[in-house]
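Letters A, B, ... mirror the listed sequences (proteins, then strands); counts begin at 1.
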Amino acid sequence: MLDIRFIREHADQVQEVARHKGIEVSIPELLAVDNERRRLLLEVEGLRMQRNTLSQAMPELAKQGKKDEMEAKKAEVRAVNARLTELEAELLTVEAAYRELMLLVPNIISPDTPVGGSDEENVEVRRVGELPVFDFEIRDHVTLGEMHRLFDLPRGVKVGGSRNYYMTGIGVFLHRAVQQLALDVLAGRGFTAMDVPLMVREEMMTNTGFFPSGREQTYELPRDEKWLVGTSEVALVSYYSGETVDVSEPIRLAGVSNCFRREAGSAGRDTRGLYRVHQFAKVEQVVICKNDPDESERLLQEITQNAEDLLQLLEVPYRVVAVCTGDIGQGVYKKYDIETWMPSRESYGETNSASNLWEFQARRSNIRYRDEQGTLQYCHTLNNTAVATPRILIPLLENHQREDGSIYIPVALRPYMNGMEEIRPE
RNA sequence: GGAGAGGUACCGAAGUGGUCAUAACGGGGCGGUCUUGAAAACCGUUAGGGGGCAACCCCACGCAGGUUCGAAUCCUGUCCUCUCCGCCA
């Protein structure tokens, strides 16, 4: 959410951003509704003042026994109330429309965000790591997984429907090892580990910016009016919702959670293997800091670096791309995706996504701090994947495979794999 | 799931239909006086949302409604917390 005053003063700029982000919202319409809202507010508040003044005179009249005058004033208030009831109903309608529009307004974007229509126009920032050269016919992660019984896709589909899987045997250990490694690395860098609620109120989905736009992507539990989170970011940011926080040092959180995504509208895309599934596990970084563009930019670099360091520990090649306007999302001010080399796809695939939301979430969630002057300010919030699995197992298995089908286990993972150095065919 | 109690500022808590919400009282925090320093004592302070050019006004007693000229106070619903019972990893 943006400050309505900012929108009034930068209407054209905001409309332009909406166009770039592909969000259908009319700023002129919003401003018209806003004007109507303020006009009604003025009138309603005036009537309320009348009512208050008249009512407050009652005790005095009662004391003096002026019954007729009291009755006259009562009638007057009733008249005021009648008018008020009408206007308040009108105001309620207008405010609902106002809120609905406000929730659609996109965040502005950083000056260095590339302009583009889709992920095709994201701009590569850097490549790290050598692409592996195989002098044999490579196996994709599905084949490798079947070979070593790391997961079971057909039975996942039998039991859970499409895009479901079982992790099995050593696969489970790998699945957990990458998470534990990520958690340990982050804990060592000042992050507080958090295991979070996965079922949350609708309000939290809206506050964090996933609703209204992402409703279709989210699993609902209608009986209990809860929603299954697609990322622990929802619960991590909402942890502080409505609070005044101390951000003299940035708040660094590392969330551990399962994530649930309906993947509506992606039917037929990435159907093979573990790339796009309905349920996965993720260690997520969330940072909450001062309303200071320099500081949040530094922190964006920091959480991006954390993810890169993890990929380097996993010894897989990756690249960082600056996400363009068309792919950046409604609430995001600036975003880097990290894409990891997936040999079977012969391309880099997204494994991490680092966002600076500026005030967008903090405004919706009402997360503030007191600055040096003692004034309440909205925080900046940021997030980035540390590791999402099983997707990360795709590059891990495929890049580290050998001709005989065995798989090299990176040194950093071995402590979490009971010292295992490679996965050998049975 | 059943029965009961309760949600008021940083915390505890008073207020049970009318200038009582920059909200009694107590505690805590911060600043000061005193002191070699500290403690104690005393003094001060502790900043919500919105509208309006402004004067100023409206809203805020968990949240949403209702009754009333007027609601922290009465009624209904709802969320949450606590106690007891039941069930349970």
Side-chain angles (χ1 to χ4, degrees), chain A residues 1-9 30-103 105 195-207 220-227 234-235 238-248 258 290-291 359 362-379:
Chain A
M1 190 135 56
L2 293 179
D3 188 345
I4 184 64
R5 279 165 296 196
F6 179 89
I7 299 172
R8 281 184 213 133
E9 286 160 24
L30 170 64
L31 293 181
V33 171
D34 176 46
N35 276 330
E36 179 64 3
R37 178 184 72 97
R38 285 187 292 162
R39 189 188 68 73
L40 283 167
L41 210 50
L42 219 55
E43 205 173 336
V44 162
E45 289 185 358
L47 288 169
R48 281 180 185 160
M49 179 167 67
Q50 276 186 44
R51 179 182 64 188
N52 290 346
T53 312
L54 289 167
S55 289
Q56 279 159 16
M58 294 297 180
E60 190 56 30
L61 293 176
K63 211 189 289 174
Q64 296 171 6
K66 294 180 176 168
K67 286 214 166 124
D68 293 350
E69 223 172 296
M70 248 178 95
E71 285 310 315
K73 283 216 190 291
K74 279 192 195 181
E76 222 177 309
V77 177
R78 278 193 207 101
V80 168
N81 275 340
R83 178 82 184 118
L84 206 47
T85 306
E86 278 173 42
L87 284 175
E88 280 176 338
E90 215 176 311
L91 181 61
L92 216 62
T93 310
V94 171
E95 280 185 331
Y98 171 76
R99 182 171 163 72
E100 208 171 298
L101 286 167
M102 280 298 275
L103 288 178
V105 175
D195 195 299
V196 307
L198 306 181
M199 298 173 283
V200 301
R201 303 168 193 278
E202 175 166 355
E203 184 192 347
M204 304 309 164
M205 299 299 292
T206 304
N207 287 351
E220 183 177 9
L221 304 167
R223 185 168 171 167
D224 297 290
E225 297 182 333
K226 300 279 172 60
W227 298 77
V234 177
S238 298
Y239 186 77
Y240 291 104
S241 66
E243 299 191 16
T244 303
V245 296
D246 177 6
V247 283
S248 47
N258 284 309
K290 291 197 184 94
N291 194 322
E359 301 177 7
R363 266 186 191 279
R364 289 181 174 225
S365 300
N366 195 24
I367 302 173
R368 298 177 298 172
Y369 69 98
R370 290 196 186 280
D371 64 17
E372 287 78 1
Q373 283 74 254
T375 310
L376 287 168
Q377 303 278 2
Y378 289 104
C379 297

Check: [X] side chain, [Y] main-chain N or O, donor-acceptor pair, under 3.5 Å:
X: A:D3; Y: A:R5; result: yes
X: A:R38; Y: A:V33; result: no
X: A:D371; Y: A:G374; result: yes

If the [atom1] atom of [N] is compared with that of [M], how far apart are they to the nearest Å?
N: B:C11; M: B:A5; atom1: P; result: 25 Å
N: B:U81; M: B:U45; atom1: C1'; result: 32 Å
N: B:A21; M: B:A39; atom1: C1'; result: 36 Å
N: B:A60; M: B:G44; atom1: P; result: 32 Å
N: B:C10; M: B:U22; atom1: C1'; result: 16 Å
N: B:G18; M: B:A55; atom1: C1'; result: 27 Å
N: B:G17; M: B:A9; atom1: P; result: 22 Å
N: B:C58; M: B:A41; atom1: C1'; result: 44 Å

*Reading 5' to 3' through nucleotides 46-55 of chain B, protein heavy-atom contacts under 4.0 Å coded B for base, S for sugar-phosphate only, - for none*: -BSSBSS---
*Taking atom types as modelled, find out whether A:R368 and A:N366 have a side-chain donor-acceptor pair closer than 3.5 angstrom.*
yes
*Would you mind telling me which residue lines up with the more 5' stretch of RNA chain B, A:E225 or A:V44, judged by nearest nucleotide?*
A:V44
_Residue closer to the 5' end of RNA chain B, A:M49 versus A:N81 (nearest nucleotide)_ = A:M49
Whole-Å distance separating the [atom1] atom of [X] from the [atom2] atom of [N]:
X: A:N366; N: B:C63; atom1: CG; atom2: P; result: 14 Å
X: A:R78; N: B:U68; atom1: CZ; atom2: P; result: 9 Å
X: A:M204; N: B:C80; atom1: CE; atom2: C1'; result: 12 Å
X: A:M70; N: B:G70; atom1: CE; atom2: C1'; result: 10 Å
X: A:E203; N: B:U78; atom1: CD; atom2: P; result: 18 Å
X: A:D246; N: B:G29; atom1: CG; atom2: C1'; result: 14 Å
X: A:E88; N: B:A64; atom1: CD; atom2: C1'; result: 14 Å
X: A:E60; N: B:G70; atom1: CD; atom2: C1'; result: 16 Å

*Measure the shortest side-chain to side-chain distance between A:Q377 and A:Y369 over non-hydrogen atoms and say whether it is less than 4.5 angstrom.*
yes
*asked:* Just so I know, are the side chains of A:M58 and A:M70 near enough to count as touching, which here means a heavy-atom distance under 4.5 Å?
replied: yes
For atom [atom1] of [X], decide whether the heavy atoms of other residues, nucleotides or ligands shown that lie under 6.0 angstrom number more than 12.
X: A:R99; atom1: CZ; value: no
X: A:E225; atom1: CD; value: no
X: A:E100; atom1: CD; value: no

*Atom OG of A:S241 and atom CZ of A:R201: how far apart are they, to the nearest 0.5 Å?*
9.5 Å
*Is the shortest side-chain N/O distance from A:N52 to OP1 or OP2 of B:C58 below 4.0 Å?*
yes
*asked:* Would you say A:R48 places a side-chain N or O within less than 4.0 Å of OP1 or OP2 belonging to B:C58?
replied: no
*What dot-bracket string describes RNA chain B from 5' to 3', counting Watson-Crick and G-U wobble pairs whose defining distances are under 3.5 Å, with [ ] for crossing pairs and | for pairs to another strand?*
((((((((.[[[..)..(......]]]((((((.......)))))).((((....))))..[[[[[..)....]]]]])))))))....
